[in-house]
Every structure is written in C-alpha cells, then in structure tokens.
Amino acid sequence: DEQAKLAIRLDRTQEIQIGPREYFPSVRRLISDVYDRIWIDYSPYTALKMIKEHVGQWDTSRRSNRREEVVLCRMRLGHTRYTHSFLIDRELPPDCVRCRCPLTVHHILIECQLYTAERQPLLDICHDQGLPFRIKTLLGDEHLEIINDVMRYVKQCGLFKRL
C-alpha cells in the first residue's frame, strides 16, 4: 500500500503501446457481456428469447442454402410471412384451418394436428436422442442435425415457400 501511494505522487508516467490484437478481443468480450446482461434482463418473453438464452453467434445459421437460412431466421424470430403477413395486409391474425387457434411458428412445429404425420420423424429423433420435444430443441443452436430435419419437415408440409 505504501509503495502504491508513493507511485501516485511520482511525476513520471510510462506509456505502454498495445496493438489491436491485444486490445480488441477484450473490448469485444466486454461489449458482448453487456449485451448479454441486457438480453437476460429483457423482460418480454419473445419467441427468440425462448430459443436463445444468451447473446452470441448462431453456429447453425450458416446454411448452404440462403433460402433455408432466411426461413430458419424467421422461424426463430417467430415472425414469418405465413404467420404475420396480416400486419402488412391490415387484416386479422390468421387461425389454423384445422385447430382453430392462432397460427404461430410454435403451433406449426409442435402442436398442429394437420401435420401430425410429417412431425413424427422429428418426434422420433428427439426421443431417440433423449431430447425434449420443444421449440428450443427444434430451432436452438445445440443440434444441427435436428435443424436439418426441421427443414425437411417444413418442406414436407408445403410451408417452406410460405414462411
């Protein structure tokens, strides 16, 4: 402590040169930590927050097909043309033709009785791997192979071009 107090009184300062390689990674980490705390404290429980608990890159969003990447992003956000075009068209929100409930990405992937047969492979994959069948498992970043199966499911249902 005494040495620290003496150092404060010195008139000499020494500049230390650091380059961007040393500086930027720590700044990026600090910014990421701030965004992560903001995201965690963000109170509205959105569709995206149900899937992604922390800020960061999506490893599974690098699809070989750009259209698949767009559809995956829209499903993760919970806002697709099929489920939210009513906002632009100034109409009432659509209901599922079979279930008579609001049409959402969650409903299409998890609940809709219209796609029960097409959904069975997804259920089997989750069961075989011991994973819960929920939106976070299907659209989250942990299981690349399941996202491939979700894309197949959406295509089999005839919804890929509508999303």
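FYI, side chains are in, hydrogens and waters are out, and symmetry mates aren't considered; it's all heavy atoms of this structure. The chain is numbered in sequence order, starting from 1.
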task = List the steps and the verdict of side-chain contact (heavy atoms from CB on, under 4.5 Å) for L139 and I147.
result = CA-CA 6 Å; L139 297 177; I147 290 178; 5.7 Å; no
In one Ile/Leu/Val/Met/Phe/Trp/Tyr side-chain cluster, 4.5 Å: L48, M75 =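 Hydrophobic grouping puts L48 with M75.
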ask   = What about I110 and V97, same hydrophobic cluster or not, with Ile/Leu/Val/Met/Phe/Trp/Tyr joined at side-chain heavy-atom distances under 4.5 Å?
value =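 Same cluster: I110 reaches V97 through Ile, Leu, Val, Met, Phe, Trp or Tyr contacts under 4.5 Å.
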inquiry  = Within the 3.5 Å criterion, strictly below it, is a donor on N65 or E69 matched to an acceptor on the partner's side chain?
reply    =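 No, because no side-chain N or O of N65 sits under 3.5 Å from a partner of the opposite role on E69.
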Heavy-atom check, side chain of [X] versus side chain of [Y], under 4.5 Å:
| X | Y | result |
| --- | --- | --- |
| V71 | R67 | yes |
| L123 | Q120 | yes |
| F86 | L92 | no |
| I146 | T137 | yes |

request  = Would you sort out whether M151 and F160 count as a side-chain contact (heavy atoms from CB on, under 4.5 Å), showing the intermediate values?
outcome  = CA-CA 8 Å; M151 286 298 147; F160 185 74; 4.0 Å; yes
request  = For T116 and Q113, indicate whether the former's side chain and the latter's backbone hold a donor-acceptor pair under 3.5 Å.
outcome  =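 Such a contact is found between T116 side chain and Q113 backbone.
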task = Look at the side chain of R98 and the backbone N and O of C112, then say whether any donor-acceptor pair between them is shorter than 3.5 Å.
result =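 The answer is no, because no donor-acceptor pair under 3.5 Å joins these two groups.
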key: R119 to Y153, cation-pi by 6.0 Å centre distance and 45° axis angle   =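 Pair R119/Y153 does not count as cation-pi.
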request  = Let me know which of R63, H143, E68 forms a side-chain hydrogen bond (donor to acceptor under 3.5 Å, both in side chains) with N148.
outcome  =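 It is R63; the other options fail the test.
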inquiry  = Please evaluate residues M50 and R134 with respect to the criterion side-chain contact (heavy atoms from CB on, under 4.5 Å), reporting the C-alpha separation (whole Å), side-chain torsions for both, the decisive distance (0.1 Å), and the verdict.
reply    = CA-CA 10 Å; M50 288 173 39; R134 59 183 183 183; over 6 Å; no
ask   = Is the shortest side-chain N to carboxylate O distance from R152 to E118 below 4.0 Å?
value =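 So R152 does not pair with E118 through a salt bridge.
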Would you say [atom1] of [X] has more than 12 non-hydrogen atoms from neighbouring residues, nucleotides or ligands within 6.0 angstrom?
| X | atom1 | answer |
| --- | --- | --- |
| K155 | NZ | yes |
| I88 | CD1 | no |
| Q57 | CD | no |

Worked verdict on H107 versus C96 for side-chain contact (heavy atoms from CB on, under 4.5 Å) = CA-CA 9 Å; H107 177 73; C96 176; 3.3 Å; yes
